Structures are given as structure tokens and as C-alpha cells.
Amino acid sequence: MKILAIESSCDETAAAVVEDGRKVISSVVASQVEEHKLYGGVVPEIASRRHAEAIVPVVKNSLEQAELTLKEIDAIAVTYAPGLIGALLVGVNFAKGLSLSTGLPLVPTHHLRSHIASNYISNPDLKPPFLCLVVSGGHSHIVMVEDYTKMRIIGKTRDDAAGEAFDKAARTMGMPYPGGIALDKVAEDGDPFAFKLPRPTVSGSQYDFSFSGLKTAVINLIHNSAQKGIELNKADVCASFRYAVVDCLKTNFLKAAEDLKVDKLVIAGGVSANRLLRSTLQDECNKRGLAFYMPEKSLCGDNAAMVGSQGYYEFLSGNIASTDLNAFATMSIEL
């Protein structure tokens, strides 16, 4: 079964053709990163306008790369939540129009579920159930994936997401957007124990995260040092902050796996490309005899291939939308 997938939840306009949820036939991504760098982050209005300009050529390109016509496509999957509402609406409305004109089934697909599904492409042997740590710029969740379309939140951030904390810390140090990627690179040359930073916990919720205090701590460290005329070693600050964030993620994730007696762990989302997070969890799982899966780095960021993968399983479960499908800025992964 071949699915044409469309993704426009933030600042990437993407389309892909995926076969049977696991094989990527084509994948095209038009990024807006260079334009949003001028503003230090994504400007929603600009993002929406660029999606409107890019979506037709991106979809056409994905079909051309796959050497297929719409008559050879079986369904259309589209990200409809969560994300920037204006950006989502561009993809949703385009997919609805395409579905109406071709008669192809329209499959509404959740963005975070799609991130998890990126692992089905990178790891063909992976099947639920498993425990997944979903970490991105807007979300930090521990999710029990009981089946392809049945998921349960075990823990989540109470304030900032891990990716947001990385980006804001990087911005304070003068790094360009997207800051998390730049911070990860600089941290490779630093000492993770140079600065002592807090490990916030949530009272009464041992699997939940809180990154606001940790983010504030590193920003105060940078500002206070600047006011005193003290020059900090940027690599050491980055390494110490990265180590603290990864330590928080690792601790709660492994604790949840132990308590739930899960022996299969997975990571997903933009921050799953973080080098320290990947290596730390791989080492910890090796020590504990746990199976560990992660997506290829090319599939960690927003893309349509992951939408096509999850869309396949949503289609099999009977999740088909009509042309009154709407977009939603927020929506639980549990649906």
C-alpha cells in the first residue's frame, strides 16, 4: 500500500511516498531555517506563507521522485495536530483538496505519533509494545506504545520541553537558530562537570520533567558572569548543560522502564539526534540488557516519511477523515 504523506506543522514543508509503513520510496523537505535565523526562531506568519508557496512543488517533486502518479497512490496522510495552527492548515487544506479531487482516503495523523513511527522506517524489526521517550522543541513525553495506534502517556514536562531549553540556552550564548544543534556540537569539546547545574524533579510525579529551572540556572550563570566581567568557557557551559538535560531525561525514562518492566526502549523527536542522549541511553540499555532503538538522524527532525509510516497504521485501524477535517494546535498523543 502506497501512501502520499504531507507534513507542515512548523517550518518544514515536506511530502513523501511510503509503502506499507516501512519503505520510503521518496522524501522531499523544503526547509525555512535560513529565513527564520534572521529572527532567532520560527515566525508563525512567515512559516504559513512559505508553506503555501512550497507545498505544490514539494508534493509534485515527491511523486516525481517516486516515479508514481496520483492514480497509483492508495491514500493521503497529513499532519493535523499538534503544531503552529496556520502552518498546519496549509497542509490539511491541501490534503483535503487533493482527497476530494482524487477520491483517495484522507488519513489524519498526529505529529508526535509520526515521530515515534520514524523508528519503524529505521528499524524494520521494531513492533509495539515498547516505551518511547519523545523529545523535541515543543514536547518531552514518556509514552507507552501499546500498539501502533494505542498510546498512553507515562510522564511529560510540566513546563519547558527539553528542546526549548536547549534552544534558549544556546540563544543566550549567542548561537544561531536552531540553537540546540549548535549547542550539541560545541558541547563535544567541553567538560560536562565544569559547572554544577540543578536536576529539577516534580514532587509526586516521578516520571514528569521540569526544565524551566534548569534553563533559568544556566541563563543566570551566563548573565551573572557577564555582569562581573568573567569570561566563561562556552564549550564547558554547553557540555555541563547538555549533560544535566540528558541526565534528567535518562533518569526518568529508565525509572519508568524499570517500574513498568519494559525491556524495549525507543527514542524519537528532534532532540533524539542529540549525540550525548543517543550514546548515554545506548550504554545504559546495554548494561541492563534492554533492547534500544533510535531513528536515523535524518529522520529525527520533521519530515513526511514518518507521517506516511504512521498514516499507514492509522489507515489500517480505520482512522479515515472526511473533508470537514480541521487542524489543532494542541492535541494529546493519546487522542
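Computed from a predicted model, the values in this text were never measured in an experiment.
Under 3.5 Å, the side chains of Gln32 and Asp11 contain no donor-acceptor pair of N or O atoms. In summary, the side chains of Tyr313 and Asn319 do not present any donor paired with an acceptor at a separation below 3.5 Å, with no hydrogens or angles considered. Checked by atom type, the side-chain pair Gln282/Thr280 shows no donor-acceptor distance below 3.5 Å. Residues Ser205 and Arg158 bring a donor and an acceptor atom of their side chains to less than 3.5 Å of each other. For Thr13 and His51, the side-chain atoms include at least one donor-acceptor pair closer than 3.5 Å.
In terms of heavy atoms, Ile154 sits closest to Asp208 at O-OD1, 4.4 Å. The shortest non-hydrogen separation linking Ala244 to Leu197 is CB-CB, 4.3 Å.
With hydrophobic clusters built from ILVMFWY side chains whose heavy atoms lie under 4.5 angstrom apart, Leu260 does not share a cluster with Ile116. A single hydrophobic cluster is not seen to contain both Leu112 and Val42; linkage of ILVMFWY side chains at heavy-atom distances under 4.5 Å, directly or through other members, places them apart. When the side chains of ILVMFWY residues are joined at heavy-atom separations under 4.5 Å, either directly or via intervening members, Ile320 and Val92 end up in two distinct hydrophobic clusters.
Heavy-atom neighbours of Lys96 NZ from other residues, nucleotides or ligands within 6.0 Å: above the threshold of 12. Counting non-hydrogen atoms of neighbouring residues, nucleotides and ligands closer than 6.0 angstrom, the CZ atom of Arg171 reaches no more than 12 such neighbours. Shown here is Lys23, whose NZ atom has no more than 12 heavy atoms of other residues, nucleotides or ligands within 6.0 Å.
No side-chain heavy atom of His111 sits under 4.5 Å from any side-chain heavy atom of His139. For the pair Val17/Ile3, no side-chain contact is recorded, criterion being any heavy-atom separation below 4.5 Å from C-beta on. Counting heavy atoms from C-beta outward, Asn119 and Met306 have side chains that stay 4.5 Å or more apart. Taking 4.5 Å as the limit, every side-chain heavy atom of Thr251 sits out of range of all side-chain heavy atoms of Cys248. Under the 4.5 Å side-chain criterion, counting only non-hydrogen atoms from C-beta, Ser8 is not in contact with Thr79. The side-chain heavy atoms of Ser332 and His141, taken from C-beta on, include no pair separated by under 4.5 Å. Using a 4.5 Å cut-off on side-chain heavy atoms (C-beta onward), Ile6 and Ile55 make contact.
Without hydrogens or angle criteria, Arg113 side chain to Thr149 main chain gives a donor-acceptor distance under 3.5 Å. Counting only distance, with no hydrogens or angles, the side chain of Asn303 and the backbone of Gly301 share a donor-acceptor pair below 3.5 Å. Not one N or O on the side chain of Arg22 forms a donor-acceptor pair closer than 3.5 Å with the backbone of Ile121. Remark: the backbone N or O of Val237 is not paired with any side-chain donor or acceptor of Ser240 at under 3.5 angstrom. Distance alone, capped at 3.5 Å, places no donor-acceptor pair between the Asp189 side chain and the Ala235 backbone. Counting only distance, with no hydrogens or angles, the side chain of Asn93 and the backbone of Leu89 share a donor-acceptor pair below 3.5 Å.
Within the structure, every pair that satisfies the ring pair (Phe, Tyr, Trp, His ring centres under 6.0 Å) test and touches residues 240-277, not counting sequence neighbours, is listed here: Phe166-Phe241, Phe193-Tyr243. Annotation: salt bridge (Lys or Arg N to Asp or Glu O under 4.0 Å) contacts involving residues 42-62, sequence neighbours excluded, comprise Glu35-Arg50, Glu45-Arg49, Arg50-Glu53. Identified under the salt bridge (Lys or Arg N to Asp or Glu O under 4.0 Å) test for residues 317-335, with sequence neighbours left out: none. Among pairs with a residue in residues 120-146, those fulfilling salt bridge (Lys or Arg N to Asp or Glu O under 4.0 Å) read Glu146-Lys150, Glu146-Arg152, at least two apart in sequence or across chains.
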Would you please test Arg275 and Lys297 for side chain to side chain contact (heavy atoms under 4.5 Å, CB included) and show each step?
-> CA-CA 10 Å; Arg275 282 173 270 197; Lys297 286 193 174 183; 3.3 Å; yes

Decide yes or no on side chain to side chain donor-acceptor pair (under 3.5 Å) for Gln227 and Ser225, but give the supporting numbers first.
-> CA-CA 5 Å; Gln227 289 168 1; Ser225 297; over 6 Å; no

Verdict with reasoning, Glu12 to Val33, per side chain to side chain contact (heavy atoms under 4.5 Å, CB included) | CA-CA 8 Å; Glu12 277 90 18; Val33 167; 4.2 Å; yes

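Between Phe209 and Phe211, a ring centre-to-centre spacing shorter than 6.0 Å is recorded. Ring centroids of Tyr312 and Tyr120 are separated by 6.0 Å or more, keeping the two rings apart.
In summary, Arg242 and Asp184 engage in a salt bridge, as defined by a charged side-chain N under 4.0 Å from a carboxylate O. The pair Asp74-Lys2 does not meet the salt-bridge criterion, since no charged nitrogen lies less than 4.0 angstrom from a carboxylate oxygen. The residues Asp283 and Lys287 are annotated as not salt-bridged, no charged nitrogen and carboxylate oxygen being separated by less than 4.0 angstrom.
Separating the CG atom in Leu131 from the OH atom in Tyr207 is a distance of 9.5 Å, to the nearest 0.5 Å. Rounding to the nearest 0.5 angstrom, the gap separating the CD atom in Glu72 from the CD1 atom in Ile25 is 9.5 Å.
Applying the 4.5 Å side-chain rule to ILVMFWY residues, one finds Val58 in the same cluster as Val28.
Residues passing the side-chain hydrogen bond (donor to acceptor under 3.5 Å, both in side chains) test with Thr157, sequence neighbours excluded: none.
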